[in-house]
Amino acid sequence: APASGEIQLAADFYGTSNMPQWAGTRAIYGGGYTSAYVNICDSKTIASTGNCSSYGTLYHTRGTHGSCSDQSYMISGSGGASYANIIGFDRKVFASNTNASDWGDMDAMRYNNPSAVSNGVRGCWGGGYSASGGVYHANIRYKTLSSSGNTSAFGNLRRGASNQGAEGGDTRVVDLLMDQVHIITK
């Protein structure tokens with residue numbers, strides 16, 4: 001048990017039998033912007049303090065996207081490249097150094113800088129900024145991560161924003177939107 005004022009994390013917090021089903025041992029970083037938008041991926045073992053290594057590519061060249069995962073795959077969606085919003089999803093395998101595949105489309109929301117979370121089964125993308133219209137959006141879309149199908153409507157944030165943080169659990173999403181915390185139970 002932690003001392004007063006301390007927080008238990010990872011396996012100590014969840015216990016070995018209660019780890020979330022999407023918890024894994026590998027982190028993948030993909031896409032982004034250097035002097036141009038890129039589709040390269042890097043990977044590292046989470047338990048190691050070592051550096052990342054090359055780990056294939058995304059299917060779409062993009063930055064400003066949201067990614068989430070289940071136990072086997074990283075799913076990246078929305079975002080853009082040079083203010084052209086991308087509708088397709090990338091699916092990248094955690095276990096092997098292979099390139100990502102195309103994995104369905106965003107059905108309506110095609111914005112830069114959305115937040116993304118999952119409960120290991122369903123992924124949600126919310127908020128974002130539409131450069132063409134100069135609008136901050138509040139839409140939330142979801143997809144079943146194991147399906148190559150498209151997203152569907154999943155409600156709205158309380159107000160439109162981009163560049164927000166979010167965290168997901170088995171039944172709730174906490175959206176850290178600017179100066180407010182929103183709890184969305186679905």
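Position 1 is the first residue of the sequence, and the numbers go up from there. We use all heavy atoms of the structure for the numbers below, so side chains are in, but hydrogens, waters and symmetry mates are not.
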Between Ser76 and Lys92, does a side-chain contact (heavy atoms from CB on, under 4.5 Å) hold up when you go through it step by step? CA-CA 8 Å; Ser76 293; Lys92 179 93 173 88; over 6 Å; no
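- Ser78 and Pro114 get closest at one heavy-atom pair: CB-CG, 3.8 Å.
- Taking CG of Asn156 as the start and CG of Asn139 as the end, the distance is 5.5 Å to the nearest 0.5 Å.
- Not counting sequence neighbours, Thr61 has no partner by the side-chain hydrogen bond (donor to acceptor under 3.5 Å, both in side chains) test.
- Under the ring-ring contact (aromatic ring centres under 6.0 Å, His included) criterion, Tyr142 pairs with Phe154, not counting sequence neighbours.
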task: Show your reasoning for whether side-chain contact (heavy atoms from CB on, under 4.5 Å) applies to Leu58 and Cys41.
output: CA-CA 7 Å; Leu58 294 176; Cys41 293; 3.8 Å; yes
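- Between Tyr37 and Gly63, the shortest heavy-atom distance links the atoms CD2-N, 3.5 Å.
- The 12-atom threshold is not exceeded at OH of Tyr59, counting heavy atoms of other residues, nucleotides or ligands nearer than 6.0 Å.
- Across every non-hydrogen atom of Lys143 and Trp103, the tightest pair is NZ-O, 3.1 Å.
- Side-chain N or O atoms of Tyr55 include one that pairs as donor or acceptor with a backbone N or O of Ser96 at under 3.5 Å.
- Within the 4.5 Å cutoff, the side chain of Met106 has no heavy atoms near those of the Ile86 side chain.
- When the options Ser67, Ser115, Cys68 are evaluated for a side chain to side chain contact (heavy atoms under 4.5 Å, CB included) with Trp125, the one that passes is Cys68.
- Checking side-chain atoms of Asp70 against main-chain N and O of Val121 turns up no donor-acceptor pair under 3.5 Å.
- Contacts of Asn150 classified as side-chain hydrogen bond (donor to acceptor under 3.5 Å, both in side chains), with partners at least two apart in sequence or in another chain: none.
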* Can you list the steps and then say if Asn163 with Tyr129 is a side-chain contact (heavy atoms from CB on, under 4.5 Å)? -> CA-CA 9 Å; Asn163 298 308; Tyr129 178 75; over 6 Å; no
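- Across all non-hydrogen atoms, the minimal contact from Arg26 to Ser43 is NH1-OG, 2.9 Å.
- From Gln71, atom CD reaches atom OG of Ser118 across 11.5 Å, with rounding to the nearest 0.5 Å.
- Through direct or relayed side-chain contacts under 4.5 Å between Ile, Leu, Val, Met, Phe, Trp and Tyr, Ile46 connects to no other residue.
- Grouping Ile, Leu, Val, Met, Phe, Trp and Tyr residues whose side-chain heavy atoms lie under 4.5 Å apart, directly or via other members, leaves Val135 alone, with no other cluster members.
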Checklist line | Verdict with reasoning, Thr64 to Asn112, per side-chain hydrogen bond (donor to acceptor under 3.5 Å, both in side chains) | finding: CA-CA 5 Å; Thr64 66; Asn112 291 316; 3.0 Å; yes
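- Here Tyr29 pairs with nothing under the ring-ring contact (aromatic ring centres under 6.0 Å, His included) rule; sequence neighbours left out.
- Residues His65 and Asp90 fail the side-chain proximity criterion, which asks for heavy atoms closer than 4.5 Å.
- Under the 4.5 Å side-chain heavy-atom criterion for grouping Ile, Leu, Val, Met, Phe, Trp and Tyr, Val93 is connected to Ile75 within one hydrophobic cluster.
- Going from atom CG of Asn113 over to atom OG of Ser162 covers 4.5 Å, rounded to the nearest 0.5 Å.
- Nearest heavy-atom pair, Gly127 versus Gln164, reported as atom, atom and distance to 0.1 Å: CA-NE2, 3.5 Å.
- Shortest non-hydrogen contact noted between Arg122 and Leu145 is C-CG, 4.0 Å.
- With rounding to the nearest 0.5 Å, the separation of CZ in Phe89 from OG in Ser148 is 11.5 Å.
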